[in-house]
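Here the structure is laid out as structure tokens; the discussion comes afterwards.
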Amino acid sequence: MNHQRLQERVRADFPFLKLGVAFLDNASTTQKPRRVVEAIVRYYEEYCSNIHRGLYAWSERATEECEQVRALIAQFLGAAAPEEIIFTSGATQSLNMAARMVAQFLSAGDEVVLTVAEHHSNLIPWQLIAKEKKLHLRFLELNDEWTITPEQFKKIITPKTKVLAMAHISNASGIILPVRTLAQLAHEHHITVIVDAAQSVPHLPVNVAALGADMLAFSGHKLYGPTGIGVLYGKRELLEHCEPVVGGGNMIDEVERMSATWAPLPAKFEAGTPPIAGIIGLGAALEYVAEIGGMAMIAAAEEELTQYARRAFADCSGVTLYAPKRPEYHAGIFSFIVDGVHPHDVAGMLDQDGVCVRAGHHCAQPLMKFWNLPATTRASLSFYNTPEDIDRLIAGIRKAQKLFA
Amino acid sequence: MDLYQEEILDHYRHPHHHGTLPDADIVRTERNSSCGDELTFYLKFANEKIADISFEGQGCAISQAAASMLTDELVGKSKKDIAKLQKDDVLKLLGTVSLTPTRLQCALLPLQAVTNAVVRPKREL
């Protein structure tokens with residue numbers, strides 16, 4: 001499917017486009033194709049039931065669909081088996097679980113390596129655990145090229161380094177971090193690799209084996225699916241050795257008063273009723289993605305628009321773009337400062353013209369401090385954005401400059 | 001409704017009571033960590049009422065305008081009056097603009113600053 005054909009499909013498939021809003025806050029959440037909404041409504045209206053527990057047709061249908069989605073996700077990520085896919089409530093829960101699970105093998109004095117560009121969901125869990133278990137957190141800094149080299153990682157590795165937990169794409173800056181290279185080095189030193197793929201899975205083809213992820217997290221609502229659903233991928237051997245971190249129904253086998261045995265994977269890590277409508281919605285989103293040509297198609301469309309936006313920003317005087325200079329490191333997220341205009345006022349101005357962006361620290365305060373800024377305005381695109389959306393963004397910025405600066 | 005009405009922009013561009021008061025009785029700084037808005041208020045009292053007031057700081061148009069408008073209101077008020085101020089008093093000053101929860105925080109930062117200044121006074125910069 002070429003880009004023209006893709007844009008035609010998109011106009012037909014996404015109801016929000018009729019509303020005339022330029023939605024440029026995709027790093028925060030994404031818009032849904034109609035079929036995702038229809039799949040959710042259909043579940044609630046035609047076969048609403050719990051899964052794994054019922055003995056009637058509706059429940060069997062819902063159960064089968066959820067397991068099909070699990071298999072679809074395993075395929076989508078290049079996982080070895082569906083058992084390696086755990087449903088969660090979102091990437092934040094996934095990353096908290098991953099940290100708690102891996103921490104079961106850590107002891108006082110062990111070191112966990114993060115980067116300065118982490119989203120709080122991949123930082124705060126480790127801060128909490130580090131305090132509990134007396135671990136040391138170490139941080140990989142961004143170098144002058146706004147990337148991280150294996151040499152930098154080598155310098156930080158000690159015999160006590162046990163975990164590398166890092167973002168694939170930085171949500172506040174769009175920097176594509178070299179996970180594969182660093183993971184390779186990590187594995188040479190028997191370091192477990194946890195990847196926050198919340199910003200990468202929806203925009204690039206991601207293969208967990210190629211990436212070298214031992215665990216990986218993403219959210220459904222950033223992948224054109226509903227809120228309340230996410231995925232934690234884990235290598236089978238790792239998951240087999242971890243104890244559950246959330247207890248309840250479904251994850252057990254035999255339960256006595258004082259103890260219980262666990263269900264096999266993946267149920268062992270799925271306590272309680274999962275977000276069933278969310279799973280079904282996510283499945284519909286993935287089917288849609290496959291239909292329009294998969295992540296490769298989406299990545300190509302976004303790449304073109306990212307370059308268009310980079311050129312537009314370069315032509316905008318009085319605006320500083322906080323993005324890598326090298327285009328190959330830069331995914332479609334644009335954090336910027338308009339000289340003399342507060343990020344809130346830029347966003348407020350854009351909102352008045354129907355352009356949605358975000359302003360603030362983007363849940364990445366360490367990165368903001370690295371940049372010496374309290375906040376930025378952030379525009380982030382997806383495959384359903386157009387050059388006109390970028391034009392409207394730039395026009396809004398110019399308007400804000402006239403009014404405030 | 002247009003958020004950036006003329007009056008707000010006017011207060012932003014030409015804030016009233018802007019600057020420091022070297023002989024202030026109370027100095028109070030308040031920050032909004034989510035966006036970096038920061039305001040410092042200087043209060044000088046005579047006969048238990050505000051004789052002079054000023055503010056400094058950096059931030060978005062809403063927080064700066066609200067601060068400017070609030071200083072106009074506070075001249076001649078007592079500590080008790082200040083402690084009684086509510087969020088709706090500030091919103092009335094700004095005019096009936098509909099504020100999102102995020103921008104509401106911006107608008108209320110000055111109120112937080114002056115309330116804390118009289119309720120928990122200590123000299124801080």
Side-chain angles (χ1 to χ4, degrees), chain A residues 21 23 25 28-29 119-121 123-124 127 171-172 320 322 335-378 395-405, chain B residues 1-16 18 29-40 55-70 87 90-91 93-113 125:
Chain A
V21 163
F23 189 77
D25 193 19
S28 187
T29 198
H119 184 281
H120 296 164
S121 61
L123 169 59
I124 307 303
Q127 287 182 355
N171 75 299
T320 310
Y322 284 78
S335 241
F336 61 94
I337 293 283
V338 180
D339 296 339
V341 188
H342 193 277
H344 276 173
D345 294 321
V346 176
M349 197 81 247
L350 287 166
D351 173 45
Q352 289 186 162
D353 288 339
V355 180
C356 303
V357 297
R358 184 146 291 238
H361 56 57
H362 315 297
C363 302
Q365 285 191 38
L367 184 61
M368 294 294 132
K369 294 193 166 85
F370 177 81
W371 283 339
N372 222 1
L373 296 169
T376 64
T377 311
R378 182 191 69 185
I397 290 172
R398 295 221 162 97
K399 216 165 150 182
Q401 284 172 314
K402 274 212 190 85
L403 199 61
F404 291 99
Chain B
M1 169 156 256
D2 191 3
L3 181 61
Y4 294 110
Q5 295 159 341
E6 264 320 301
E7 214 201 334
I8 289 179
L9 288 174
D10 192 45
H11 275 272
Y12 174 64
R13 290 191 190 112
H14 310 109
H16 301 183
H18 195 250
T29 300
E30 210 72 35
R31 260 175 221 100
N32 184 342
S33 66
S34 72
C35 64
D37 285 356
E38 180 180 301
L39 289 168
T40 304
F55 82 97
E56 271 195 323
Q58 53 173 22
C60 69
I62 299 297
S63 71
Q64 300 297 295
S68 170
M69 290 173 178
L70 197 57
K87 125 182 167 203
V90 175
L91 295 181
L93 291 177
L94 285 170
T96 44
V97 292
S98 51
L99 291 175
T100 64
T102 313
R103 289 330 283 278
L104 192 62
Q105 269 187 300
C106 307
L108 296 180
L109 189 65
L111 178 62
Q112 216 179 309
L125 275 164

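Here is how names work: the chains are called A, B, and so on, in the same order as the sequence lines, proteins then strands, and each is numbered from 1. Note that this is a predicted model, so its numbers are computed, not measured. Only this structure's heavy atoms are used, side chains among them; waters, hydrogens and symmetry mates stay out.
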> Can you list every pair that meets salt bridge (charged side-chain N to carboxylate O under 4.0 Å, His left out) and has a residue in residues 359-375 of chain A, with sequence neighbours left out?
Replying inline: none
> What residues, two or more places apart in sequence or in another chain, satisfy side-chain contact (heavy atoms from CB on, under 4.5 Å) together with A/Ile124?
Replying inline: A/His120, A/Gln127, A/Leu128
> Got a donor-acceptor contact below 3.5 angstrom from the A/Asp345 side chain to the B/Ala61 backbone?
Replying inline: yes
> So which part of A/Leu403 gets closer than 4.5 Å to some heavy atom of chain B, the side chain, the backbone, both or neither?
Replying inline: both
> Between A/Asp351 and B/Arg103, is a side chain to side chain contact (heavy atoms under 4.5 Å, CB included) present by the stated rule, with each step listed?
Replying inline: CA-CA 12 Å; A/Asp351 173 45; B/Arg103 289 330 283 278; over 6 Å; no
> Can you list the steps and then say if A/His342 with B/Asp37 is a side chain to side chain contact (heavy atoms under 4.5 Å, CB included)?
Replying inline: CA-CA 9 Å; A/His342 193 277; B/Asp37 285 356; 2.6 Å; yes
> Between A/His344 and B/Cys106, what is the shortest heavy-atom contact and its length?
Replying inline: ND1-SG, 3.2 Å
